[in-house]
Amino acid sequence: MARYELVKRSVALITLTNPPVNALSSPVRHAIANSMERALSDPKVRAVVICGENGRFCGGADIREFAGPLRGPPLIPVLEAIEAGDKPVVAAIEGMALGGGFELALFCHYRIAQSKARLGLPEVTLGILPAAGGTQRLPRLIGIPAALEMITTGRHISAQEALKLGIVDQVTDQNACETALEFALKAVGKPLSPRRVSTLTTPCPPDLDALLEAATMQVKKKTPGVMAPLACIQAVRAAATMPYSKGMKQESELMATLFNSGQARALQYCFFAQRTAGKWTLPSGAQWNNSKPREIRSAAVIGLGTMGRGIVVSLARVGISVIAVESEKKLLENGRQMVIGMLERDAKRRGVSASLNLLKFTLSLQDLKDVDLVIEAVFEDMALKKRVFQELSKVCRPGTLLCTNTSGLDVDALAGVTDRPHLVAGMHFFSPAHVMKLLEVVCGPRSSSETIATAMSLGKKMGKVSVAVGNCPGFVGNRMLKPYLDQATFLLEEGATPEQIDKALEDFGFAMGVFRMSDLAGLDVGWRVRKESGLTGPDVDPKNPPRKRQGRRYCPIPDMVCEQGRFGQKTGRGWYKYDKPGDTNAKPDPLIQNLLETYRSRYGIQPRNISDQEIIERCLFVLANEGFRILEDGMAARPEDIDVIYLFGYAFPRHRGGPMFYASMVGLERVLERLEHYHQAHPDVPHLEPITMAYTGAQKALKSDKLDEAQALAKSCAGRPDFLPCDGLSICATHSHGKCFKLHWCCHLGWCHCKYVYQPMTNVAQLPSTPVPAAPSDCTDTIDLSISLTERFLRISPCFLPPPCPESPKYCNIAELFIDDYIVKRINGKMCYVQRPPIHTEAPSTPPQINPASLTPQKQHTEDKQTVEETVKGPKMGHCSSPSSSEDSGINALGGHYLESCEEESEDELSTDGHSSPGSLWDQDECTLLSPSKSIVEIIENIETTV
Ligand SMILES: CC/C=C\CC(=O)SCCNC(=O)CCNC(=O)[C@H](O)C(C)(C)COP(=O)(O)OP(=O)(O)OC[C@H]1O[C@@H](n2cnc3c(N)ncnc32)[C@H](O)[C@@H]1OP(=O)(O)O
């Protein structure tokens, strides 16, 4: 984990060796401590250099270790030994020095950086703060304003900026390690005291309070409701106002508050979910690490509307030559000018020259015969898209990949009209395509692994977060959006206002509520889609009840708003009013209030007071419920993929982790209970019906006495102003379950009220033991959780780790009890955690449909050695049942911050209709929580539980 060498006869070279990023895991900390001890005690050693293997200094603490108890030596004493030593220590920074890695460098007496290195304290993005002295040392080195900015934003800086700020002593274009060795020798004999950052006095600006106040306002505005940046500011204040040792204590106390918070868990989950999403897998067994992408040097984009232009820019700025095609001269010229303008602005911002020479504009598809890949971005019209694909099939050389930017139409139907269905896939960009990070790569049943590998790799090259999804109407993101939007308008019917709904969502963490966002995106797009799908307009049978479509509840209010010419910001009127068209300052409009009142009285709806809790539950639980359906249908491989789609395509607040993670934090049983409750109240809204699996599961799980006790206590707190219904973010460490049971009442900053009133979250190991209750008379000794939604969720989401595991054998994590294959048994008066024999379940009666033309045949299950698990799961088939939602294009519909404003755009010309054909086969989930080596029916642990 660290190599120790004596070089140049007198310098100890300590090389961190923990690939891929030399994170400071327990063995690494151990190795640094030992190596330093050796170096300091060896009289031959006159100086020390610390570097990282493979050109990477250190990526910081090992984030994976945060989920468990601390093992090995704590970091701070290890680092303090470096600073306190009497031999000069030089950090040789190549690649990156981040988080704890940067702090390690700050404990060294000198720092040399390679010119391409990046440095930073990104802890805030993980919901914590730089707690290995970063908040106390950086301000001492570079002053409060610069340190504050780096610490509260987590921004990585270049080696040159680090030199300018005084963080590093030298920047070199050569090998940093070699340079540091020379530097170290020269430092021998020079006084070390002034080089010890802990001894420096923080330069304190006269307007400290005002500065910190401004920083506080800024982070509250930028990241409302997020705790870590505020804690960072408090820690930096301590650096300015307290001696070093007291500041360190303050830093550590603030860290303790953040470390176990739900926000930290959510943000760390996001970090890994983003990386997991890149590890795609197909039913054929093809996956990210066994499929080779093609190199794409040239591409074509068809259609220069909003999406097409953004795609051209995304391709050209990473050095791919692009032929852009339009159908009319005027449109082509307009598109050309806009693309050039966008590229020039982008290049100026990045300080590079615009790659205009890579662009070619044409009216003829014939020009595309030699390109490596085509992305079709014409209007969302299946007939038109089919014509384009037929034409491409004739024109392009046989190996050209044909991709579509459809936001929800059937990719396989398009593949079917080509001569190369295996080379067809969806590449669903989000608007504006050159800004939004998300790319859904849609795998049709016939898409080859090479095609998917190429689309995913091209996405990565363009700087996108690419997620592989199955082929169903709306794919993943837009399919989930439909029930979310529906709930918002149903709530309007029932008595809420757009302002109230938006405020509840914004308080939850969205940058914009659903109605403000819809106004920004434009209301006419959705209206047109609804007209085309026969939901509104002249095609609707006049005998059809106005608030029903196909037996389901339908809300015509959005149509009524559009009928009045209110299309949102661009017309100066929408769900809100604006001072003038294009203005962004949304004001409540009494006309909308009148419209709602008239509507309600017309349909005899008695408006009622709707709580923010109901708004959040109905809008967000329905989102997660659809996510579970998507997993069931096999249209996403993992909950992480869904969350990543919502984080990057729909601006779901990152500190909530994404809709699936949020549901897991609230507690799936509570989500299920609330969905059941709302579905009973609204039986004509199928999306509120919890998926069958969840329903069945809840019937089987038994409640424990402890749970009742906790609920009774919790209920007694209802109504107290300082306690709110659990938002799922306040993790209950008291009961060590990582998620609150239903009816918990928690304050939102880390207090749990399930048992210990007004007691802050307590380390589980410090809690008194709870005796196992006597055998209950009216229930069996086995809690069968085998088919609960929770169990399934955890099975398919190994990343949803239980909270830090207590060392004490008196407790276990309840989450573990939900793991597939385990049951809880009472053995000799103790609750034991037992693995049960495999369940022999019948394979699904309907075999998956496999297209004979498929070039990616299904895994031969009969030939492989397989577990029961694999047999039962099998690949999923068919299109999902939810209605098509092409109300795209993402348009950041949940309310995200754009990095830059959208330009004045016109819609692409070209028409619509769309039929769905059977969708993709999709491998379901993996069960990495269970080790196949574990023996069957073995008592693996004998632990009392507090349940
Ligand atoms: C007392 C507390 C003291 C200190 C607190 C901390 O230090 S918190 C950690 C602060 N550090 C970070 O936040 C850095 C996180 N990592 C990154 O930003 C990037 O990974 C990095 C280092 C810039 C490298 O980017 P690159 O694109 O080259 O690789 P990728 O992100 O795909 O990562 C490769 C694999 O490494 C895993 N990984 C990266 N950093 C860490 C880490 N700090 N701990 C654990 N694991 C880390 C990452 O998950 C990837 O894993 P894989 O299994 O291959 O998906």
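Nothing here was measured: the structure is a model prediction, and the numbers come from that model. All ligand and atom numbering here is 1-based and tracks the order in the structure.
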Within reach of ligand 1, part of [X] (heavy-atom separation under 4.0 Å):
{"X": "I63", "value": "both"}
{"X": "I76", "value": "neither"}
{"X": "P122", "value": "side chain"}
{"X": "R118", "value": "neither"}

(message) For a quick check under 3.5 Å, do Q170 and T179 share a side-chain donor-acceptor pair by atom type?
(response) no
(message) Regarding E251 and T135, do their side chains bring together a donor and an acceptor under 3.5 Å, going by distance alone?
(response) yes
(request) Take the angle between the ring planes of Y646 and Y650 and call it parallel below 30°, perpendicular above 60°, tilted in between. (result) parallel
(request) Please work out whether the ring planes of Y662 and F652 are parallel, tilted or perpendicular, with thresholds of 30° and 60°. (result) tilted
Among all the protein's non-hydrogen atoms, which is closest to [atom], and how far away is it?
{"atom": "atom 2 (C) of ligand 1", "result": "M255 CE, 4.2 Å"}
{"atom": "atom 50 (C) of ligand 1", "result": "R275 CD, 4.1 Å"}
{"atom": "atom 41 (C) of ligand 1", "result": "V21 CG2, 3.7 Å"}
{"atom": "atom 5 (C) of ligand 1", "result": "E123 OE2, 3.4 Å"}

Please check if the number of heavy atoms outside [X] that lie under 6.0 Å from its [atom1] is greater than 12.
{"X": "Q218", "atom1": "CD", "value": "no"}
{"X": "H30", "atom1": "NE2", "value": "no"}
{"X": "E37", "atom1": "CD", "value": "no"}
{"X": "R297", "atom1": "CZ", "value": "no"}
{"X": "Q174", "atom1": "CD", "value": "no"}

Under 4.0 Å to a heavy atom of [X] - the qualifying atoms of ligand 1, by number:
{"X": "G99", "result": "7 (O), 10 (C)"}
{"X": "R64", "result": "49 (O), 51 (O), 53 (O)"}
{"X": "L126", "result": "8 (S), 9 (C), 13 (O)"}
{"X": "K279", "result": "52 (P), 53 (O), 54 (O), 55 (O)"}
{"X": "F271", "result": "15 (C), 16 (N), 17 (C), 20 (O), 39 (C), 40 (N), 49 (O)"}
{"X": "F272", "result": "49 (O)"}
{"X": "G60", "result": "7 (O)"}

Which side-chain N or O atoms in residues 230-244 pair as donor and acceptor under 3.5 Å with protein atoms at least two apart or in another chain?
| residue | atom | partner | partner atom | Å |
| --- | --- | --- | --- | --- |
| R237 | NH1 | D209 | OD1 | 3.0 |
| T241 | OG1 | R237 | O | 2.8 |
| Y244 | OH | R137 | NH1 | 2.8 |

Nitrogen or oxygen atoms of [X] and ligand 1 under 3.5 Å apart:
{"X": "H156", "result": "no"}
{"X": "G100", "result": "yes"}
{"X": "G59", "result": "yes"}
{"X": "E103", "result": "no"}

(request) Check N54, V21, N22 against L16 for a side-chain contact (heavy atoms from CB on, under 4.5 Å) and give me the one that passes. (result) N22
(request) With sequence neighbours excluded, tell me which residues meet side-chain hydrogen bond (donor to acceptor under 3.5 Å, both in side chains) with T223. (result) none
(message) Quick check: closest heavy atoms across A23 and D62, and the distance to 0.1 Å?
(response) CB-CA, 3.9 Å
(request) Would you verify that at least one protein heavy atom lies under 4.0 Å from atom 28 (O) of ligand 1, or report that none does? (result) yes
(message) Does the residue R56 have a heavy-atom contact with ligand 1, meaning some pair of atoms that are separated by less than 4.0 Å?
(response) yes
